[in-house]
Amino acid sequence: MLKGKVALVTGASRGIGREIALTLAGNGASVIVNYNGSRERAEEVVAAITGQGGSAEAIRCSVADFEESGRMVRDILEQYGRVDILVNNAGITRDNLIMRMSEADYDEVMDTNLKGAFHMIRHLSRSFIRQRSGRIINISSVSGVTGNAGQSNYSASKAGLIGLTKSVARELASRGICVNAVAPGFIETEMTEVLSDKIKEGIKRAVPLGKMGTPRDVAELVLFLAGESAGYITGQVLHVDGGMVM
Ligand code: NAP
């Protein structure tokens with residue numbers, strides 16, 4: 001389905017990004033597994049892909065750094081000649097009540113989650129435009145749609161991603177490039193592992209389907225948006241949240 005396509009997945013060393021990388025590679029794409037700190041885990045993702053006959057490579061780079069992400073993109077374009085699918089998945093949380101939130105925690109979340117996606121799109125936009133094709137998929141969150149107490153920095157970054165998605169979708173549509181956002185609800189990863197059992201129970205009660213989602217639930221939607229079948233979908237925010245937001 002994605003044979004001959006090159007996909008770049010940011011924050012693919014674990015969790016949702018890992019599953020997206022495995023899924024895109026399992027469907028024929030050559031995948032660049034970007035990570036920031038978890039080298040061994042990124043190498044494990046690459047090994048899992050190549051072990052199944054797929055093609056993958058791990059590249060370290062903080063998406064929060066404009067220069068560093070620019071260098072990564074230049075290296076990738078030199079080596080592969082193109083990127084067809086960009087998945088802006090890298091994300092962090094630094095939760096706190098607004099009264100106690102430090103400027104550093106606000107900035108770090110915005111720099112990674114929102115500015116990181118801007119950096120990647122900015123660096124790759126010329127190449128996408130020249131190709132007159134491409135898919136950009138930004139991993140937002142239900143928190144960016146509804147807000148969430150204790151997550152004002154995270155929610156702001158994820159809401160910002162939605163604005164970025166829609167503006168870039170409008171800018172690049174005439175070149176055949178589709179840009180969409182995916183808004184997961186609560187997904188079982190290390191990001192949500194830290195939540196107390198009480199909070200997890202509360203989440204399950206708030207989800208009509210009565211359970212947390214899995215990275216696979218998100219990866220399947222990303223695969224659809226990356227593929228031929230989604231060629232007439234752009235500027236959208238698609239929820240994978242068990243019905244939390246409707
Ligand atoms: P996770 O398990 O904490 O993984 C985060 C990934 O992001 C890691 O691979 C990490 O790489 C990478 N990363 C962090 N900072 C980075 C940077 N500066 N540059 C490059 N990579 C960086 O998180 P997850 O639960 O899979 O979440 C993935 C995405 O889905 C995030 O954007 C998150 O906000 C979003 N999301 C998650 C949920 C959920 O319930 N889990 C819900 C809605 C949205 P290193 O370990 O190498 O640093």
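We're numbering straight along the sequence, starting at 1. Read the numbers this way: they start at 1 and go in the same order the structure lists the ligands and their atoms.
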(message) Is there a polar contact between ligand 1 and V63, counting only N or O atoms under 3.5 Å apart?
(response) yes
(request) Identify, for atom 48 (O) of ligand 1, the protein heavy atom at the shortest distance, and state residue, atom and that distance. (result) G37 N, 3.2 Å
(message) Check the orientation of F118 and F66. Use parallel for under 30°, tilted for 30 to 60°, and perpendicular for over 60°.
(response) parallel
(message) When you measure from the heavy atoms of G213 to every atom of ligand 1, does any distance fall below 4.0 Å?
(response) no
(request) State the atoms of ligand 1, each with its element, that fall below the 4.0 Å cut-off from a heavy-atom position in N34. (result) 20 (C), 21 (N)
(message) Just to confirm my output: which protein heavy-atom neighbour is closest to atom 1 (P) of ligand 1, and how far is it?
(response) R14 NH1, 3.4 Å
(request) Mark up the atoms of ligand 1 that fall under 4.0 Å of a heavy atom belonging to C61, in ascending order. (result) 19 (N), 20 (C)
(request) Considering only NZ, NE, NH1 and NH2 on the basic side and carboxylate oxygens on the acidic side, decide whether R41 and E44 come within less than 4.0 Å. (result) no
(message) If you measure every N or O of S13 against every N or O of ligand 1, does any of those distances drop under 3.5 Å?
(response) yes
(message) Give me the residue, atom name and distance of the protein heavy atom closest to atom 38 (C) of ligand 1.
(response) G185 O, 3.9 Å
(request) Could you go through the side-chain contact (heavy atoms from CB on, under 4.5 Å) check for I49 and L22 one step at a time? (result) CA-CA 6 Å; I49 291 171; L22 288 167; 3.6 Å; yes
(message) One residue to check: A183. Relative to ligand 1, which of side chain, backbone, both or neither has a non-hydrogen atom less than 4.0 Å away?
(response) neither
(request) Considering heavy atoms of the protein only, find what lies nearest to atom 37 (C) of ligand 1 and give residue, atom and distance to 0.1 Å. (result) I16 CD1, 3.6 Å
(message) Tell me the nearest of S62, A90, S143 to atom 18 (N) of ligand 1, using heavy-atom distances.
(response) S62
(message) Strictly distance-based, threshold 3.5 Å: is any side-chain N or O of N89 a donor or acceptor partner for the main-chain N or O of T10?
(response) yes
(message) Only heavy atoms of G91, strictly under 4.0 Å: list the atoms of ligand 1 that pass.
(response) 5 (C), 7 (O), 31 (C), 32 (O)
(message) I'd like to know if the side chain of R60 and the backbone of N36 have a donor-acceptor N/O pair within less than 3.5 Å.
(response) yes
(message) Under 3.5 Å between any N/O of F186 and any N/O of ligand 1: does that happen in this structure?
(response) no
(message) side-chain contact (heavy atoms from CB on, under 4.5 Å) for R74 and R71? Distances and angles first, verdict last.
(response) CA-CA 5 Å; R74 275 196 300 281; R71 274 197 299 278; 3.3 Å; yes
(message) Looking at R135 and G227, would you say the former's side chain and the latter's main chain have a donor-acceptor pair under 3.5 Å?
(response) yes
(message) Has D95 got a side-chain atom pairing as donor or acceptor with Q151's backbone, closer than 3.5 angstrom?
(response) no
(message) With nothing but distance in play, are any N or O atoms of S141 less than 3.5 Å from an N or O of ligand 1?
(response) no
(request) May I ask you to identify the nearest protein heavy atom to atom 12 (C) of ligand 1, giving residue, atom name and distance to one decimal place in Å? (result) G11 CA, 3.4 Å
(request) Indicate yes or no for a side-chain donor-acceptor contact from N34 to the backbone of G11 under 3.5 Å, with no hydrogens or angles considered. (result) yes
(request) Flag T189 as yes when one of its N or O atoms lies below 3.5 Å from any N or O atom of ligand 1, and as no otherwise. (result) yes
(request) Among all protein heavy atoms, pick the one closest to atom 44 (C) of ligand 1 and tell me residue, atom and distance. (result) S140 O, 3.2 Å
(message) Has N96 got a side-chain atom pairing as donor or acceptor with S102's backbone, closer than 3.5 angstrom?
(response) no
(request) List, by chain and number, the other hydrophobic cluster members for I203, where Ile, Leu, Val, Met, Phe, Trp and Tyr join if side-chain heavy atoms come within less than 4.5 Å, directly or indirectly. (result) V142, V145, I162, F186, L195, I199, V207, L209, M212, V237, M244, V245
(message) Quick test of your reading of the model: are R216 and E220 salt-bridged, counting only N-O distances below 4.0 Å?
(response) yes
(message) Under 4.0 Å from a heavy atom of I92: which atoms of ligand 1 are those, numbered in the order shown and with their elements?
(response) 14 (C), 15 (N)
(request) Have a look at P184, A64, S69, A117 and point out the one with the heavy atom closest to atom 43 (C) of ligand 1. (result) P184
(message) Looking only at distances, can you tell me whether any N or O atom of K158, backbone or side chain, sits closer than 3.5 Å to an N or O atom of ligand 1?
(response) yes
(request) Please report which non-hydrogen protein atom sits nearest to atom 40 (O) of ligand 1, along with the residue it belongs to and the distance in Å to one decimal place. (result) I187 N, 2.8 Å
(message) Testing the basics here: between A230 and C178, what is the closest heavy-atom pair and its distance to 0.1 Å?
(response) O-SG, 4.4 Å
(message) Under a 3.5 Å distance rule, please check whether K158 uses its side chain to pair with a backbone N or O of I139 as donor and acceptor.
(response) yes
(request) Kindly identify the option in N89, T10, N36 whose heavy atom sits closest to atom 32 (O) of ligand 1. (result) N89
(request) Heavy-atom contacts with T192 under 4.0 Å: which atoms of ligand 1 show up? List them by number with element. (result) 39 (C), 40 (O), 41 (N)
In residues 107-115, what donor-acceptor pairs under 3.5 Å come from side-chain atoms, sequence neighbours left out?
unit_1	atom_1	unit_2	atom_2	d
E108	OE1	R94	NE	3.4
E108	OE2	R94	NH2	3.0
T112	OG1	E108	O	2.9
N113	OD1	I92	N	2.9
N113	ND2	I92	O	3.1
N113	ND2	S157	OG	3.2

(request) Output yes when the distance from some N or O of ligand 1 to some N or O of Y154 is under 3.5 Å, and no in every other case. (result) yes
(request) Determine, considering heavy atoms only, which of G15, A58, S38, G144 sits nearest to atom 47 (O) of ligand 1. (result) S38
